[in-house]
Amino acid sequence: MRKQWKTMVLGAAVLSVFLAAAPPAKAYALNITPISVELYTTSGTPVYATPDVYGQVVTYLDRFINVRVTGITDNGFYQVNLGETYYIPGPFMITQVEPAKTEKQKALDNLDKLVEAYRIQLEQMESYSPSFALMDVTGDGIPEIFDKDGKEIYSYYEERPVMIYYSENPVSFHYSKKDNKLLGKYEWNKKTIWEVYYNDTSLLPWGQLRCYTTAASEYQKNATAVPRDYTNDAATRADLTNILKKILSL
């Protein structure tokens, strides 16, 4: 009898140690409030078979997946329908997807890469373009480089400078900020020609500025000449970080 009693005491002690080491059990939700909303997942969203963080994880979802929520439990799970009824912890769901960053925002986030790309391009242009302009004429918020004579325009694409305009003949560029139109003026057969350009992306992903009309009168009144405000020298190129940061922050 004494031996049996010792065995029972020892068994109870072992069970106590096991329970102390095991995580506390979390009860399932007792109440579910019906709702009907659409939410979005975050990165690595766990999907549970039951509303219990110690329960079985059925799968993990990528971020920004639209999920129809049918209820919310009293312990903070969303009840969802993914073919069958499952449960997702509340903190893993958001009400809206973060909007994609604009080209301007991406350029600000990686300003050093934009600066380096434009610095190299300006170094290559120094021998024939002692001054240049920086002005956004494609509408993405990132300024383009205009050479001194109006023969070349460079933009920024995937961390490198790309040519979007070239002409053997100089063009006097004008820009209407109100209309977001780039105009070109030049002499041809003793006549003054005005052109209006658009950015054609049908052949190149970064686009090419092309003329689409010579009927520029409706834009001329709002357009001003593109000024070559910057001297293309070592000092200016060394200050490109401040110059471009100021332009991008406007």
Side-chain angles (χ1 to χ4, degrees), residues 102-108 110-111 113-233 236-237 240 243-248 250:
T102 64
E103 293 301 314
K104 181 177 178 179
Q105 289 171 325
K106 288 189 282 187
L108 271 171
N110 298 280
L111 184 59
K113 294 179 180 178
L114 171 61
V115 169
E116 182 63 11
Y118 274 14
R119 183 188 63 77
I120 292 173
Q121 182 58 48
L122 288 168
E123 282 182 349
Q124 295 175 352
M125 297 167 59
E126 185 176 17
S127 62
Y128 62 88
S129 185
S131 61
F132 65 97
L134 285 171
M135 180 176 288
D136 173 30
V137 294
T138 60
D140 64 358
I142 302 175
E144 278 68 50
I145 298 175
F146 289 71
D147 77 328
K148 178 182 180 297
D149 293 330
K151 293 184 177 182
E152 301 175 4
I153 302 176
Y154 293 87
S155 191
Y156 181 68
Y157 180 80
E158 292 190 349
E159 301 177 7
R160 68 185 193 273
V162 289
M163 179 180 282
I164 61 173
Y165 179 87
Y166 177 79
S167 173
E168 289 286 348
N169 303 305
V171 174
S172 174
F173 288 106
H174 295 67
Y175 182 69
S176 170
K177 186 174 182 180
K178 179 181 178 180
D179 304 305
N180 189 27
K181 297 293 183 182
L182 180 67
L183 286 66
K185 173 187 175 184
Y186 59 93
E187 300 297 321
W188 183 259
N189 289 337
K190 299 182 179 180
K191 292 183 179 179
T192 300
I193 307 295
W194 284 86
E195 295 181 334
V196 184
Y197 303 100
Y198 76 107
N199 195 28
D200 178 11
T201 57
S202 61
L203 297 177
L204 297 171
W206 54 85
Q208 294 282 287
L209 289 175
R210 300 187 184 279
C211 168
Y212 73 91
T213 182
T214 56
S217 58
E218 64 176 305
Y219 307 119
Q220 284 177 246
K221 61 181 179 294
N222 298 321
T224 57
V226 175
R228 273 50 172 187
D229 291 331
Y230 303 98
T231 302
N232 191 4
D233 57 16
T236 302
R237 293 192 296 270
L240 268 180
I243 293 171
L244 288 170
K245 186 176 182 180
K246 182 178 179 181
I247 293 173
L248 289 168
L250 292 178

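Numbering starts at 1 and runs along the sequence shown. On a predicted model such as this, the values are computed, not experimentally measured, just so you know.
By the 4.0 Å N-to-carboxylate-O rule, Glu103 lies close enough to Lys106 to be salt-bridged with it.
Atom-to-atom distance recorded for Lys104:NZ and Tyr156:OH is 15.5 Å, nearest 0.5 angstrom. Note that the CZ atom of Arg210 and the CG atom of Leu203 stand 6.0 Å from one another [nearest 0.5 Å]. The line from CE of Met135 to CD1 of Ile145 is 13.5 Å long, rounded to the nearest 0.5 Å. Once rounded to the nearest 0.5 Å, the distance linking CG of Asn180 with CG of Asn222 reads 12.0 Å. The line from OH of Tyr197 to NZ of Lys181 is 13.5 Å long, rounded to the nearest 0.5 Å. Between Tyr219 atom OH and Leu182 atom CG the span is 12.5 Å, to the nearest 0.5 Å.
The minimum heavy-atom distance between Glu152 and Tyr154, with the atom names listed, is OE1-OH, 2.8 Å. Annotation for Lys185 and Val171: closest pair N-CG1, 3.6 Å, computed over non-hydrogen atoms. Closest non-hydrogen pair, Arg228 versus Val226, comes out as NH1-O, 2.7 Å. When all heavy atoms of Ala133 and Pro227 are compared, the closest pair comes out as CB-O, 3.0 Å. Closest non-hydrogen pair, Leu114 versus Ala107, comes out as CD2-CB, 4.1 Å. The minimum heavy-atom distance linking Ile142 with Asp136 is given by the pair O-OD1, 3.3 Å.
In this structure, Phe146 and Phe173 have perpendicular ring planes: the angle between them is above 60°, well past the 30° mark.
The side-chain heavy atoms of Phe132 and Thr236, taken from C-beta on, include a pair separated by under 4.5 Å. For the pair Ile164 and Leu204, the minimum side-chain heavy-atom distance is 4.5 Å or more. Looking at heavy atoms from C-beta onward, Glu195 lies in side-chain contact with Tyr186 at the 4.5 angstrom threshold. Considering only heavy atoms from C-beta on, Pro143 comes within 4.5 Å of Leu248 through its side chain.
One N or O on the side chain of Asn232 and one on the backbone of Leu122 form a donor-acceptor pair closer than 3.5 Å. Gln208 places a side-chain N or O within donor-acceptor distance of the main-chain N or O of Met163, the cut-off being under 3.5 Å. Side chain of Asp149 to backbone of Pro170: no donor-acceptor contact under 3.5 angstrom is found. A distance-only check finds no donor-acceptor pair linking the side chain of Asp147 to the backbone of Ser129 [under 3.5 Å]. At distances below 3.5 Å, at least one donor-acceptor pair connects side-chain atoms of Asp200 with backbone N or O atoms of Ser202. The backbone N or O of Tyr128 sits nowhere less than 3.5 Å from a side-chain atom of Lys148 that would complete a donor-acceptor pair. A donor-acceptor distance shorter than 3.5 angstrom exists from the side chain of Glu144 to the backbone of Val137, with no hydrogens or angles considered.
The 12-atom threshold is not exceeded at NZ of Lys113, counting heavy atoms of other residues, nucleotides or ligands nearer than 6.0 Å. In this structure, Lys221 places its NZ atom where more than 12 heavy-atom neighbours from other residues, nucleotides or ligands lie under 6.0 Å away.
Neither side chain, Glu116 nor Tyr118, offers a donor N or O lying under 3.5 Å from an acceptor on the other. Counting only N and O atoms by type, the side chains of Thr192 and Glu187 include a donor and acceptor under 3.5 Å apart.
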Take Glu168 and Tyr166 through the test side-chain hydrogen bond (donor to acceptor under 3.5 Å, both in side chains) and record every step on the way to the result.
CA-CA 7 Å; Glu168 289 286 348; Tyr166 177 79; 3.1 Å; yes
